[in-house]
Visitor: 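The structure is given below, and queries will be raised subsequently.
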Amino acid sequence: MIPVKKTIAEINARIGAGRSVVLTAEEVTRLAETTSPREIARKVDVVTTGTFAPMCSSGAFLNFGHADPPIRMERITLNDVPAYAGLAAVDTYIGATETASGNLHYGGAHVIESLVRGEDVRLKASAKGTDCYPRREIETTINKININEAYMFNPRNAYQNYPAVMNTSSKTLHTYMGVLLPKLGNINYSTSGELSPLLNDPELRTIGIGTRVFLCGAQGYVAWQGTQFCTGNPRNPAGIPSRNSATLALIANLKEMNLDFIKAAYFTGYGVSLFVGIGIPIPVLDEEMARFVSVGNRDIETEIFDFGTPGHPSIGRTNYAALQSGEIVFRRKKIRTASMSSLLKARQIAGILKQWIERGVFLLTEPVSTFAPNPALQRLEIRGTQ
Amino acid sequence: MKKRFVLTFPPEATYKPITYEVIKKYNVKINIIKARVDSGEIGYLLVELDAAQSRIRQVLEYLQENQVSYQPLEKEVIFRQEACIHCGSCVGVCFAGALVMDPETRQLEFDSGKCIVCELCTEACPLGLFEIQFGGE
């Protein structure tokens with residue numbers, strides 16, 4: 001039999017002609033129950049994925065434009081949230097987790113959400129004043145219309161799998177993975193399972209620099225590999241790494257984002273974070289890709305980390321079919337599960353991306369470059385200063 | 001009418017079939033929402049009494065005569081459902097089962113009738129959509 005092979009250019013031609021066959025990652029998993037990978041590779045052009053989860057390593061670059069007389073901003077706050085001022089005169093980066101002075105519940109994520117909503121944000125900046133930038137203080141309001149650029153740039157998003165977490169200690173823990181009740185009282189996880197982007201292309205064959213994606217309702221791009229990108233973790237027979245592995249750095253125009261797919265959050269005892277909506281189209285180029293996109297929740301396993309023990313050791317393993325059922329059995333005990341990530345929103349994102357491709361308003365991209373493997377992460381050692 | 005009370009049983013009262021007596025004597029519907037009763041220790045029951053006001057008063061008098069003290073539950077959880085993103089962070093801590101994810105639609109559902117106002121959801125929701133309202137009747 002001649003192997004099925006398609007190119008991204010051929011798929012784009014079909015999209016352009018309005019003849020592309022696009023399924024969501026959930027739909028293709030159901031189809032795979034009765035259809036072979038070969039048939040799927042022949043029939044299906046693109047599989048759309050989605051995730052909507054808190055992703056702390058997110059933020060936005062802004063350029064305010066120059067005032068008259070101009071200022072070279074050295075300290076910047078937006079609604080009292082400090083923004084980075086170590087760039088050229090009126091550029092800044094506002095990080096999602098930065099918090100306002102005097103209000104730990106409000107932070108960069110809320111400022112970003114306000115900008116997307118079109119609201120005015122109070123800008124305060126100060127400087128020492130120079131011959132070329134004589135102004136020393138400024139206070140005004142900005143919004144997404146009256147500033148030059150506002151683009152989200154997230155150094156680490158779309159984690160490929162993430163450990164589920166529990167707590168074996170005797171006290172309640174407040175974490176970025178939510179409230180963890182003592183003595184294995186609950187288990188929390190944060191992945192959209194079979195809909196999750198990097199679980200449908202586990203070797204990142206089709207995703208690389210320049211890949212066009214859905215980011216918070218806008219069309220954005222993969223800018224680089226994400227920080228803490230790791231490809232060396234053990235994989236199960238379905239090819240899925242059992243713990244947090246690959247990541248993506250993503251970029252998109254904040255001015256085009258949709259409030260339905262971006263949400264500021266506050267985790268009690270932890271701090272501010274940002275729910276980010278991501279969708280990535282996976283081209284079904286051949287049988288191997290067909291197998292990858294057909295993976296189901298039962299075959300996507302993840303480790304369970306114990307946040308109640310220093311070093312967060314792995315204490316077991318489960319899968320997303322069990323986690324999404326609402327209850328798992330662990331150490332002969334029934335344990336309630338909770339997701340930090342919204343499956344409802346993930347489905348909406350995969351659905352919108354599917355519509356965009358079907359309508360021909362979103363074309364697939366050949367990666368400019370794929371990512372080099374990284375077998376292991378560096379640890380931060382405490383070294384002497386001598 | 002329905003009213004909720006936290007009943008506190010002294011160790012000596014945990015041996016008596018008081019709930020049975022209340023149902024039999026006063027013909028009220030008792031819904032036990034939460035219970036912690038061990039022989040020889042102070043016991044707690046969170047109950048909902050469904051009866052006419054006068055009947056409920058009689059029940060409370062009877063409980064007092066039997067050394068069971070009561071505290072009306074005057075708190076309730078207010079959920080701003082319209083802003084919910086359906087992540088489900090709250091369901092793992094809701095032991096009363098008032099917050100559940102619909103397994104098909106993956107929408108969060110809140111049944112205030114099952115809520116025991118343990119308040120854990122107020123910490124678990126990353127959008128701060130649960131608030132405790134004091135007052136009651």
Side-chain angles (χ1 to χ4, degrees), chain A residues 26 52-54 105-106 109-110 113 164-167 172-181 185-190 192-193 195 259-275 277 323-328 335-348, chain B residues 32-38 41 44 46 75-134:
Chain A
E26 286 187 321
F52 186 75
H105 293 238
Y106 186 91
H110 299 86
E113 190 186 319
V165 298
M166 295 179 92
N167 172 17
T172 299
L173 301 176
H174 296 88
T175 77
Y176 66 86
M177 289 293 284
V179 177
L180 299 176
L181 300 174
N186 60 345
I187 177 166
N188 288 353
Y189 66 100
S190 185
S192 55
L195 262 179
L259 272 178
D260 287 340
F261 302 107
I262 183 166
K263 195 79 208 163
Y266 172 76
F267 287 89
T268 304
Y270 169 74
V272 173
S273 187
L274 183 66
F275 276 86
L323 287 168
Q324 289 185 6
S325 76
E327 196 174 77
I328 68 160
I335 293 162
R336 208 180 293 270
T337 69
S339 173
M340 302 293 109
S341 135
S342 171
L343 191 54
L344 181 86
K345 293 272 187 187
R347 282 180 180 160
Q348 288 172 357
Chain B
I32 299 175
I33 297 165
K34 196 180 185 184
R36 207 171 78 206
V37 185
D38 290 306
E41 288 178 30
Y44 301 94
L46 172 59
K75 291 190 289 186
E76 64 175 324
V77 167
I78 305 297
F79 176 35
R80 285 194 290 128
Q81 196 150 14
E82 71 289 351
C84 179
I85 55 171
H86 309 278
C87 63
S89 303
C90 54
V91 301
V93 297
C94 186
F95 283 85
L99 290 160
V100 290
M101 286 304 274
D102 182 297
E104 295 304 316
T105 66
R106 306 307 297 195
Q107 293 214 28
L108 181 73
E109 288 168 358
F110 176 53
D111 181 350
S112 60
K114 289 185 178 168
C115 176
I116 58 167
V117 201
C118 70
E119 304 184 25
L120 283 172
C121 56
T122 61
E123 291 191 338
C125 177
L127 304 192
L129 300 181
F130 297 99
E131 277 164 27
I132 304 301
Q133 198 170 76
F134 293 88

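Residue numbers start from 1 in every chain, and the chains themselves are labelled A, B, ... in the order their sequence lines are given, proteins ahead of strands.
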Visitor: Please step through side chain to side chain contact (heavy atoms under 4.5 Å, CB included) for the pair A/Met166 and A/Ile335, ending with a clear verdict.
Guide: CA-CA 10 Å; A/Met166 295 179 92; A/Ile335 293 162; 3.3 Å; yes

Visitor: Looking at B/Glu123, B/Met101, B/His86, which makes the most heavy-atom pairs under 4.5 Å with chain A?
Guide: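 Heavy-atom pairs under 4.5 Å are most numerous for B/Glu123.
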
Visitor: Less than 6.0 Å separating the ring centroids of A/Tyr176 and A/Phe267?
Guide: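 No.
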
Visitor: When rounded to the nearest 0.5 angstrom, what is the spacing between CD1 in B/Ile78 and CG in B/Leu129?
Guide: 12.5 Å

Visitor: Please tell me if the side chains of A/Leu173 and A/Val179 come closer than 4.5 Å, counting only heavy atoms from C-beta onward.
Guide: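 They are not in side-chain contact.
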
Visitor: Would you indicate whether the side-chain heavy atoms of A/Tyr189 and A/Gln324 approach each other to under 4.5 Å?
Guide: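 Touching, per the 4.5 Å side-chain cut-off.
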
Visitor: Taking atom CD of B/Glu76 and atom CD of B/Glu131, what is their separation to the nearest 0.5 Å?
Guide: 12.0 Å

Visitor: Using non-hydrogen atoms only, which part of A/Glu327 is less than 4.5 Å away from chain B: side chain, backbone, both, or neither?
Guide: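 Answer is neither: A/Glu327 stays 4.5 Å or more from chain B.
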
Visitor: Can you say whether A/His105 sits under 4.5 Å from chain B via the side chain, the backbone, both, or neither, judging by heavy atoms?
Guide: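 Neither part.
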
Visitor: Can you name the side-chain hydrogen bond (donor to acceptor under 3.5 Å, both in side chains) partners of A/Tyr266, sequence neighbours left out?
Guide: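 side-chain hydrogen bond (donor to acceptor under 3.5 Å, both in side chains) list for A/Tyr266, sorted by chain: empty.
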
Visitor: How long is the gap from CG on A/Leu323 to CG on A/Asn188, to the nearest 0.5 Å?
Guide: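 Answer rounded to 0.5 Å: 10.0 Å.
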
Visitor: Roughly how far, to the nearest 0.5 Å, is CG of A/Asn186 from CD1 of A/Ile328?
Guide: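 Reported to 0.5 Å precision, the distance equals 10.5 Å.
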
Visitor: So how far is it from A/Met177 CE to A/Ile187 CD1, rounded to the nearest 0.5 Å?
Guide: 9.0 Å

Visitor: Tell me whether B/Glu82 at atom CD has more than 12 heavy atoms from other residues, nucleotides or ligands lying less than 6.0 Å away.
Guide: yes

Visitor: Using a 4.5 Å heavy-atom cutoff, which residues in residues 87-95 of chain B come close to chain A?
Guide: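 Residues in range: B/Cys87, B/Gly88, B/Ser89, B/Val91, B/Gly92, B/Val93, B/Cys94, B/Phe95.
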
Visitor: Atom CZ in B/Arg106, atom CZ in A/Arg347: separation rounded to 0.5 Å?
Guide: 6.5 Å

Visitor: Okay, side chain of A/Glu113, backbone of A/Ala264: is any donor-acceptor separation there less than 3.5 Å?
Guide: yes

Visitor: Can you list the residues of residues 107-121 of chain B that sit under 4.5 Å from chain A, counting heavy atoms only?
Guide: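 Within residues 107-121 of chain B, the residues that come under 4.5 Å of chain A (heavy atoms only) are B/Gln107, B/Leu120.
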
Visitor: Who in residues 339-346 of chain A is close to chain B, using a strict under-4.5 Å heavy-atom cut-off?
Guide: A/Ser339, A/Met340, A/Ser341, A/Ser342, A/Leu343, A/Leu344, A/Lys345

Visitor: What part of A/Tyr270 gets closer than 4.5 Å to chain B, counting heavy atoms only: side chain, backbone, both or neither?
Guide: neither

Visitor: Please identify, among A/Ala265, A/Gly178, A/Gly326, A/Gly269, the residue contributing the most non-hydrogen atom pairs under 4.5 Å to chain B.
Guide: A/Ala265

